[in-house]
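The chains referred to below are lettered A, B, ... by the order of the sequence lines, with proteins before strands, and numbering in each begins at 1.
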Amino acid sequence: ADESFVKDEL
Amino acid sequence: MNIFRLAGDMTHLMSVLVLLLKIHTIKSCAGISLKTQELYALVFATRYLDIFTDFISVYNTIMKLIFLGSSFSIVWYMRRHKLVRRSYDKEQDTFRHFFLVLPCLLLALVMNEKFTFKEVMWAFSLYLEAVAILPQLVLLQRTKNIDNLTGQYVFLLGAYRAFYIFNWIYRYFTEPHYVHWITWISGLVQTLLYADFFYYYFNSWKNNVKLHLPA
């Protein structure tokens, strides 16, 4: 997906 | 979520609580750099732009609110609170943090995951966090007697990113395609900046003497 990677870290 | 990241977040939370405890209870910010606190407020403001758009988890949202709230309230305390601001060492805390913000912004414009506002702001926040501690470390060198709470604050702040490095190693080996050079390099530089502080902090703890950084 072109969506940039989900920033799951603080 | 893995144990390293949880340990990192808890250590980071502890560093913020130690600082709030010091400022709120003894109404003193002696030895604390306002410049570093302002940089951290900017780091969180640019890092958590997606706090209301991308929901990750309750934990993630709550921690973001805590870091945003605490960093801005610490800046407010040090600037506005009549008692706390009196203990702020304006003459010594002279690091021109503008010279940290600008290079980080320029670097973020060049080195980012994607040239969008959010991605550039995200990269900027990582570069800025890596160097945000510099005014504080310079201030520590200048102020001779470092009180325990300030020493613990800086130590915890450095330790949290070290835990994150273990988290990135763990995720690299357990999650396919988990490669984020911007985060990794920034986090490594950030932790290395604490290296000499850790060295003196450990020695002062080992020899049970007051923490004293060489001029």
Give a yes or no on this: more than 12 heavy atoms of other residues, nucleotides or ligands lie within 6.0 Å of atom [atom1] of [X].
X	atom1	answer
B:Tyr172	OH	no
B:Met111	CE	no
B:Phe115	CZ	no
B:Phe198	CZ	yes

- Part of B:Asp9 within contact of chain A (heavy atom distance under 4.5 Å):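 Looking at B:Asp9, just its side chain touches chain A.
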- B:Phe44 versus chain A, heavy atoms under 4.5 Å apart: side chain, backbone, both or neither?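 Neither; nothing under 4.5 Å.
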- Message: Could you go through A:Glu9 and B:Asn167, starting from their C-alpha distance and side-chain angles, then the distance that decides it, and tell me whether this counts as side-chain hydrogen bond (donor to acceptor under 3.5 Å, both in side chains)?
- Response: CA-CA 10 Å; A:Glu9 293 181 349; B:Asn167 153 64; 3.0 Å; yes
- Item | Residue pair A:Lys7 / B:Ile56: nearest heavy atoms and the distance that separates them |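 Distance-wise, the nearest heavy atoms are O-CD1, 3.7 Å.
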- Closest contact, heavy atoms only, A:Asp8 versus B:Asn60: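 For A:Asp8 versus B:Asn60, the nearest heavy atoms are O-ND2, 3.3 Å.
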- Item | Toward chain A: residues of residues 62-76 of chain B with heavy atoms under 4.5 Å |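 Only B:Met63, B:Lys64, B:Phe67 of residues 62-76 of chain B have a heavy atom under 4.5 Å from chain A.
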Would you tabulate the side-chain donor-acceptor contacts of residues 134-141 of chain B under 3.5 Å, counting partners in other chains and residues two or more places apart, or write 'none'?
unit_1, atom_1, unit_2, atom_2, d
B:Gln136, OE1, B:Ser33, N, 2.8
B:Gln136, NE2, B:Gly31, O, 2.8

